[in-house]
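Some notes on the structure that comes next.
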Amino acid sequence: MTALTKPQPDGAADPSSEHAPGASLHSPVIDWFDEHARDLPWRRPEAGAWGVMVSEFMLQQTPVNRVLPVYEQWLARWPRPADLAAEAPGEAVRAWGRLGYPRRALRLHGAAAAITERHGGDVPADHAQLLALPGIGEYTAAAVASFAYGQRHAVLDTNVRRVFARAVTGVQYPPNATTAAERRLARALLPEDERTAARWAAASMELGALVCTAKNESCHRCPIASQCAWRLADKPAHDGPPRRGQTYAGTDRQVRGRLLAVLREAHSPVPQAALDRVWQEPVQRARALDGLVADGLVEPLPGGLYRLPMT
DNA sequence: CACACGTGGGC
DNA sequence: TGCCCAAGTGT
């Protein structure tokens with residue numbers, strides 16, 4: 001049984017909640033969104049589905065403020081999927097700059113190529129077709145279908161998960177990995193009406209991004225503070241297993257980052273010696289470079305030269 | 001399912 | 001000063 005099917009106190013439930021669980025959350029959150037939503041370029045009508053899709057790739061684990069300038073350059077240079085598909089993948093990696101996780105750039109390029117081949121150059125509206133594209137998982141498929149095409153999907157990102165964890169489940173943080181219970185809850189909370197569902201998806205996400213933040217949440221600005229289970233329980237601290245921190249210093253990831261930074265800046269093939277300078281320890285350095293080549297982020301050339309992938 | 005995968009800003 | 005966090009995906 002989910003929290004939603006828990007027996008309600010007699011007469012306590014809103015009459016409409018029987019058919020629309022969570023209905024009492026929809027209006028306050030959507031009204032709040034109407035007033036406080038940020039004016040982000042990918043939310044404007046002219047962004048189109050491609051703009052939405054590009055933004056979703058870039059926003060996977062990267063903050064809005066850092067995405068903004070790269071997004072603008074990207075859309076100006078490659079206004080349609082076919083424009084990106086016509087470029088070398090290395091150009092996508094270069095234009096990705098310092099957004100991090102450059103495999104996303106490669107996958108976005110691959111997705112553009114697949115869209116050009118399989119979908120006539122138009123970002124598909126079908127969830128399953130979106131999911132089949134490289135770099136698009138459960139979240140991004142739902143986000144593009146919902147934000148770009150107004151469809152009714154549970155869009156479950158880290159913001160929404162946190163909002164639901166607090167407002168509905170009454171805990172400070174969601175589980176480390178998305179659970180079946182969370183998906184079930186998200187589906188149950190989805191407004192029936194397609195238009196409203198899409199609005200709800202964007203609104204609940206924005207609430208998590210701006211108000212119901214991971215740290216220093218602003219309950220005084222929250223439109224559903226009076227209904228929030230976590231707040232009503234006096235905001236108990238997270239218990240469960242500690243949320244795994246991400247290590248970085250000294251890892252292969254750091255080495256990869258340095259190697260790729262050199263190649264992004266270079267506009268002709270780079271000799272091995274130039275790459276050797278970014279990291280002292282030779283075994284780890286070689287492993288990192290091999291990894292980049294295996295991932296298709298770096299192309300080795302005869303004579304110990306390297307460059308971003310041209311094919 | 002746990003882990004790898006970049007980067008930079010906030011406290 | 002570090003630790004935590006940021007619109008996840010693929011293996």
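We name chains A, B, ... by the order of the sequence lines, and we start the count at 1 in each one.
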| Annotated protein contacts, base or backbone, on nucleotides 3-11 of chain B with a non-hydrogen cut-off under 4.0 Å, one of B, S, - each | S-BBBS---
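- Straight-line distance from the CZ atom of Arg161(A) to the C1' atom of dC5(C): 14 Å, rounded to whole Å.
- When the P atom of dG8(C) is taken as reference, atom CG of Leu106(A) falls 20 Å away, rounded to whole Å.
- No salt bridge links Arg183(A) with Glu138(A); every basic N to acidic carboxylate O contact stays at or beyond 4.0 Å.
- Taken from OG1 in Thr62(A) to CZ in Arg98(A), the straight-line distance is 12.5 Å, to the nearest 0.5 Å.
- When the P atom of dA6(C) is taken as reference, atom CD of Glu56(A) falls 16 Å away, rounded to whole Å.
- Rounded to a whole angstrom, the distance from the P atom of dG8(B) to that of dT9(C) is 23 Å.
- Remark: C1' of dC3(C) and NE2 of His238(A) are 16 Å apart, rounded to the nearest angstrom.
- Counting only heavy atoms from C-beta outward, the side chains of Leu259(A) and Trp279(A) never approach each other to under 4.5 Å.
- For Glu217(A) and Arg162(A), the salt-bridge test fails: no basic side-chain N is under 4.0 Å from an acidic carboxylate O.
- In this structure, Gln280(A) and Arg285(A) approach most closely via the heavy-atom pair O-NH1, 3.4 Å.
- Atom pair Glu138(A):CD and dG8(C):P shows a separation of 14 Å (rounding to whole Å applied).
- Distance noted for atom C1' between dC1(B) and dA6(C): 23 Å (whole Å).
- Using atom P as the reference point in both dC5(B) and dA7(C), the two lie 22 Å apart (nearest Å).
- Asp83(A) and Arg80(A) are joined by a salt bridge, as a carboxylate oxygen and a charged side-chain nitrogen come within less than 4.0 angstrom of each other.
- Atom P of nucleotide dG10(C) and atom CG of Leu131(A) are separated by 8 Å, given to the nearest angstrom.
- Rounding to whole angstrom units, CZ of residue Arg43(A) and P of dA7(C) are separated by 12 Å.
- In this structure, Leu260(A) is not a member of the same hydrophobic cluster as Leu305(A), with clusters built from ILVMFWY side-chain heavy atoms closer than 4.5 Å.
- Across the protein-nucleic acid pair, Met58(A) atom CE and dT9(C) atom P stand 16 Å apart, rounded to whole Å.
- No donor-acceptor contact under 3.5 angstrom links the side chains of Gln60(A) and Tyr139(A), judged on distance only.
- Taking every heavy atom of residues 74-85 of chain A and every atom of DNA chain C, no pair lies under 4.0 Å.
- Look at the P atom in both dT1(C) and dG6(B): the space between them is 27 Å, to the nearest Å.
- The nearest heavy atom of DNA chain C to Ala209(A) and to Pro134(A) marks one nucleotide each, and the one closer to the 5' end goes with Ala209(A).
- Applying the ring-ring contact (aromatic ring centres under 6.0 Å, His included) criterion to Trp32(A), with sequence neighbours excluded, gives His36(A).
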